[in-house]
Participant: 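Submitted below is the structure of interest, expressed as C-alpha cells.
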Amino acid sequence: MGAVVAGLLLFVSAWPAAAHYLARAANTAWANEADALGLQVAASLGAQAREQPEIISSGVAEAPSYLNPLRDIPNLVPERVDQGVDFAGSGPVYALGDGTVTNAQAYNGGWGGGWITYLLTDGPAQGLEVYVAEDVTPTVQVGQQVTPYTVVGDMYNGGEGIETGWAQPGGVNAESQLAVAGSIAGLGPFPTNVGLNFEELLLWLGAPAAPNRYDTPSGLLPANYPAVWG
C-alpha cells in the first residue's frame, strides 16, 4: 500500500512537468508547420516578384509608338487643314516617333520659312516622311536619329504659324503635290485627303481639331498610308 501511494505521489508530482513537455512538443510541431508554411508563402511571393519585371517590361513594349508633337506648346491654336495641318503659337515641336532627319533648313524659299523633314522608322507609319514648315527654326541636323522626345524645331510667332503633314519621299515637298495624291499645291482646293489623314493622326495623339476638318476633301490618299489611326 505504501508503495502504491508513493507511486501515485510520484506520478502526480511528475504530471506538471510531463504536461509542460507535451505542450512544448505540440508548440514546436506547430511552429515547425508554420515555418514550413512561411517558406512556401515566401517562395510563392519570390516567384511573383521574379515575374513582375517581365510584366512591367511587357507593358512598356506595348506602349504607343507615337506622341503628340505639339504637346508642349501652351498657346497652340489650330487653324486649317490644307496640304498638311496649320497651327499658330510658339514652343517646341517634337518628332512624332523614332526616325531619321532628311532635311533641316532654316529657310526654304518655297515655304517662306523653315523646312524640316524626317523619315519615320517605327510604328504604323514606318517608311513615311513628315514635314514641319514655315515659322519654325530647326534644332536638328540631317542624318540625326530622333525619338518622340526629340525637339526637331522651335515654333515662333512670325505671322504664318507652322504647317506639318506628310512629305514626299526624300522630304522634297508636301505629299499632296504628287500626282498619286491629286497634285494639290498651295492654292488648294482644301482640305486635302492627305492633310486630313495627318489631322486624324494628330487628333488620335491628343492635338486639337482644325475648324475645317469636316469640309469636303480634295485629292487622294495614297495606298501606303494607314486609313485609320488608333
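Only heavy atoms go into these numbers, but all of them, side chains included; no hydrogens, no water, no symmetry mates. None of the values given here were measured: they were computed from a predicted structure.
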Participant: Short question: side chain of Gln141, backbone of Ala104 - any donor-acceptor pair under 3.5 Å?
Facilitator: no
Participant: Looking only at heavy atoms, which two atoms of Thr117 and Ala167 are closest? And how far apart?
Facilitator: CG2-CB, 4.2 Å
Participant: Can you list everything that forms a ring pair (Phe, Tyr, Trp, His ring centres under 6.0 Å) with Tyr225? Sequence neighbours excluded, please.
Facilitator: Trp166
Participant: Only one of Thr100, Val146, Asn103 forms a side-chain contact (heavy atoms from CB on, under 4.5 Å) with Val140, so which one is it?
Facilitator: Val146
Participant: Taking only residues two or more places apart in sequence, or in another chain, which ones meet Phe87 in a ring pair (Phe, Tyr, Trp, His ring centres under 6.0 Å)?
Facilitator: none
Participant: Should the ring pair Trp229 and Trp204 be called parallel, tilted or perpendicular, given that the plane angle runs from 0 to 90° and is split at 30 and 60?
Facilitator: parallel
Participant: Judged by atom type as modelled, is there a donor-acceptor pair below 3.5 Å linking the side chain of Asn75 to the main-chain atoms of Ser90?
Facilitator: yes
Participant: Where do Asp215 and Arg80 land on the side chain to side chain contact (heavy atoms under 4.5 Å, CB included) test, with the steps shown first?
Facilitator: CA-CA 10 Å; Asp215 292 357; Arg80 70 173 183 176; over 6 Å; no
Participant: With distance as the sole test, does Tyr118 use its side chain to make a donor-acceptor pair with the main-chain N or O of Val152 at under 3.5 Å?
Facilitator: no
Participant: Would you find a donor on one side and an acceptor on the other, under 3.5 Å apart, between the side chain of Gln105 and the backbone of Trp115?
Facilitator: no
Participant: For the residue pair Gln83 and Gln177, confirm or rule out a side-chain donor-acceptor distance under 3.5 Å.
Facilitator: yes
Participant: Say whether, by atom type as modelled, one donor and one acceptor occur between the side chain of Thr147 and the main chain of Asp98 under 3.5 angstrom.
Facilitator: no
Participant: Any donor and acceptor pair, going by atom type alone, linking the side chain of Tyr66 with main-chain N or O of Leu201 inside 3.5 Å?
Facilitator: no
Participant: For a quick test of reading the model, state the closest non-hydrogen atom pair linking Asp154 to Val151 and the distance between them.
Facilitator: OD1-CG1, 4.0 Å
Participant: Does Gly219 offer a backbone N or O that forms a donor-acceptor pair with the side chain of Asn193 under 3.5 Å?
Facilitator: yes
